[in-house]
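I have placed the structure first, in the form of structure tokens, so that the comments after it can refer back to it.
These numbers were taken from a predicted model, which means no experiment stands behind them.
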Amino acid sequence: MVESFLSSRPRKVAKSFNHLLGVLRRWFNWLVMQERLGQSPLRLKPRRLTGVRPPFLFETDQARRLLAFTAQLPDNPQAHQRGLVYSMIFALCYGLGLRVSEAARLRLQDIDWDRCVLTIHQTKFGKSRLVPFGPKLAARLKDYLQQREAHSGGLELEQPLFWFGRNKSRSVYPPTVSRAFREVWPKLGLNVPPGVAVPRLHCLRHSFAVGTLLRWYREGIEPKDRLLHLSTFMGHTQPSSTAVYLTITADLLKEANHRFECFAAPLLKGGMS
């Protein structure tokens with residue numbers, strides 16, 4: 001009966017089939033834990049994922065070009081200071097690893113200037129979290145608000161940080177931010193390696209995660225001791241969710257290889273016993 005149900009669902013893509021399979025598996029496991037069933041009747045295995053391409057990862061200079069080019073986007077009748085708004089959102093996604101929906105929903109009252117902390121309210125998995133930011137991003141945020149106030153007048157704490165039009169109470173719609181990204185990136189002259197997916201807005205979040213891991217390697221920090229920190233920072237419930245973002249790159253392999261060489265050097269000098 002379970003197999004008939006799964007085969008009757010129009011799940012042609014392996015990822016969506018595996019998602020449905022995972023939901024059923026967790027449900028049956030819960031029934032077993034509650035002693036409603038003696039064992040799970042689910043015997044099917046996940047389908048093999050094929051054709052999954054790694055995300056495009058923005059290097060620092062590429063991210064700077066993205067922000068600079070985005071800042072020059074022209075206004076339109078429905079969106080004044082369009083480049084200013086989108087470049088600030090992209091900076092938050094790249095610099096703090098925020099989801100686009102998290103950045104778009106920010107309000108002025110979510111910024112704690114004294115502690116340099118953003119409050120992200122009720123995001124994915126129904127969690128809220130605190131996200132600290134550094135002095136460079138703080139300066140960028142303050143400059144953004146000064147330009148918005150100069151253009152639109154005084155701002156209230158309960159107002160969205162990002163909006164268009166006369167209605168300052170309505171946050172910018174995340175899909176419009178994605179459309180702006182799709183408008184900009186082809187004009188940057190990026191070299192997309194073979195086998196890598198074309199850039200999309202979520203790649204900025206991937207770039208943040210990989211960039212953080214690479215920085216830990218170069219600073220001599222043990223990544224496994226900090227992975228839970230990164231998972232919490234990005235709003236994940238467990239490190240396995242964060243691992244999806246940690247694409248292995250040539251730079252990461254180089255740093256990991258260097259660390260192994262330092263570890264193995266004394267053994268090689270002493271000879272094998």
Side-chain angles (χ1 to χ4, degrees), residues 63 66-68 70-71 73 75-184 200-209 212 229-237 241-242 245:
L66 171 69
L67 299 182
T70 304
L73 285 175
D75 292 351
N76 61 46
Q78 289 76 37
H80 294 286
Q81 294 186 300
R82 183 165 165 258
L84 179 67
V85 170
Y86 288 139
S87 62
M88 189 68 247
I89 294 177
F90 293 168
L92 290 171
C93 292
Y94 178 77
L96 299 178
L98 298 187
R99 303 176 178 94
V100 61
S101 59
E102 295 172 344
R105 289 199 310 264
L106 283 171
R107 296 185 176 274
L108 292 175
Q109 61 192 9
D110 296 333
I111 306 175
D112 185 334
W113 294 107
D114 294 330
R115 297 187 298 165
C116 286
V117 169
L118 294 178
T119 300
I120 310 297
H121 293 283
Q122 293 298 309
T123 182
K124 195 173 181 180
F125 309 113
K127 297 177 63 178
S128 298
R129 70 186 190 278
L130 301 178
V131 176
F133 55 89
K136 291 183 179 180
L137 197 53
R140 192 180 189 99
L141 274 170
K142 288 180 179 179
D143 179 68
Y144 166 81
L145 288 174
Q146 288 173 358
Q147 293 191 55
R148 294 245 75 183
E149 286 183 333
H151 182 272
S152 304
L155 305 177
E156 302 295 334
L157 287 177
E158 64 275 8
Q159 280 184 222
L161 192 59
F162 306 108
W163 81 93
F164 288 128
R166 296 181 179 179
N167 187 358
K168 298 180 183 180
S169 64
R170 181 179 297 176
S171 300
V172 63
Y173 193 41
T176 66
V177 185
S178 297
R179 282 198 295 271
F181 181 86
R182 291 195 297 270
E183 176 186 346
V184 170
R200 57 193 184 99
L201 183 52
H202 205 58
C203 291
L204 297 179
R205 184 167 158 87
H206 282 271
S207 302
F208 166 80
T212 300
H229 298 178
L230 179 60
S231 182
T232 303
F233 193 98
M234 296 184 69
H236 293 144
T237 56
S241 299
T242 310
Y245 289 84

Next item on the list: Quick one: which residue pairs count as a salt bridge (Lys or Arg N to Asp or Glu O under 4.0 Å) with a foot in residues 85-95, not counting sequence neighbours?
Entry: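 Non-adjacent pairs meeting salt bridge (Lys or Arg N to Asp or Glu O under 4.0 Å): zero.
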Check: salt bridge (Lys or Arg N to Asp or Glu O under 4.0 Å): which pairs involve residues 164-184, sequence neighbours left out?
Finding: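 Pairs touching residues 164-184 that pass the test: R82-E183.
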Note to self: Checking the side chain of T70 only, and the main-chain atoms of G83 only, is there a donor and an acceptor separated by less than 3.5 Å?
What the structure shows: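 Pair absent, no side-chain N/O of T70 close to backbone of G83.
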Notebook entry, point to check: With no hydrogens and no angle check, is any side-chain donor or acceptor of R148 less than 3.5 Å from a backbone partner on W163?
Noted result: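 Yes; judged by distance alone, with no hydrogens or angles, the pair exists.
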Return the set of residues passing side-chain hydrogen bond (donor to acceptor under 3.5 Å, both in side chains) with [X] (not counting sequence neighbours), or none when no residue passes.
| X | answer |
| --- | --- |
| S231 | T242 |
| Y144 | none |
| H121 | D110 |
| N76 | none |

Rounded distance [0.5 Å steps], [atom1] in [X] versus [atom2] in [Y]:
| X | Y | atom1 | atom2 | value |
| --- | --- | --- | --- | --- |
| L230 | H236 | CG | NE2 | 8.5 Å |
| F181 | T176 | CZ | OG1 | 14.5 Å |
| L204 | I89 | CG | CD1 | 11.5 Å |
| Y173 | S178 | OH | OG | 10.0 Å |
| W113 | L145 | CH2 | CG | 5.5 Å |

Checklist line | Non-neighbouring partners of F133 that pass ring-ring contact (aromatic ring centres under 6.0 Å, His included), sequence neighbours left out | finding: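 By the ring-ring contact (aromatic ring centres under 6.0 Å, His included) rule, F133 matches no residue at all.
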Item checked: Sequence-distant partners of F164, ring-ring contact (aromatic ring centres under 6.0 Å, His included), two or more places apart ->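 Checked F164 against ring-ring contact (aromatic ring centres under 6.0 Å, His included); matches are Y86.
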Can you find a heavy atom in the side chain of [X] that is under 4.5 Å from one in the side chain of [Y]?
| X | Y | value |
| --- | --- | --- |
| L130 | L118 | no |
| T119 | D112 | no |
| L92 | F208 | no |
| T212 | Y245 | no |
| T123 | R105 | yes |

Could you tell me which non-hydrogen atom of [X] sits nearest to which non-hydrogen atom of [Y], and how far apart they are?
| X | Y | answer |
| --- | --- | --- |
| V100 | C93 | CA-SG, 4.1 Å |
| L67 | A91 | CD2-N, 3.6 Å |
| M88 | L137 | CE-CD1, 3.9 Å |
| S207 | Y94 | CB-CE1, 3.8 Å |

Item checked: Any residue meeting salt bridge (Lys or Arg N to Asp or Glu O under 4.0 Å) with D143, in chain and number order, not counting sequence neighbours ->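 Once residues adjacent in sequence are excluded, D143 has no partner under the salt bridge (Lys or Arg N to Asp or Glu O under 4.0 Å) criterion.
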When the side chains of residues 149-161 are checked against the rest of the protein, which donor-acceptor pairs come out under 3.5 Å, sequence neighbours left out?
residue, atom, partner, partner atom, Å
Q159, OE1, E156, N, 2.9

Item checked: side-chain hydrogen bond (donor to acceptor under 3.5 Å, both in side chains): pairs with one or both residues in residues 129-140, sequence neighbours excluded ->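 Only E102-R129 qualify under side-chain hydrogen bond (donor to acceptor under 3.5 Å, both in side chains).
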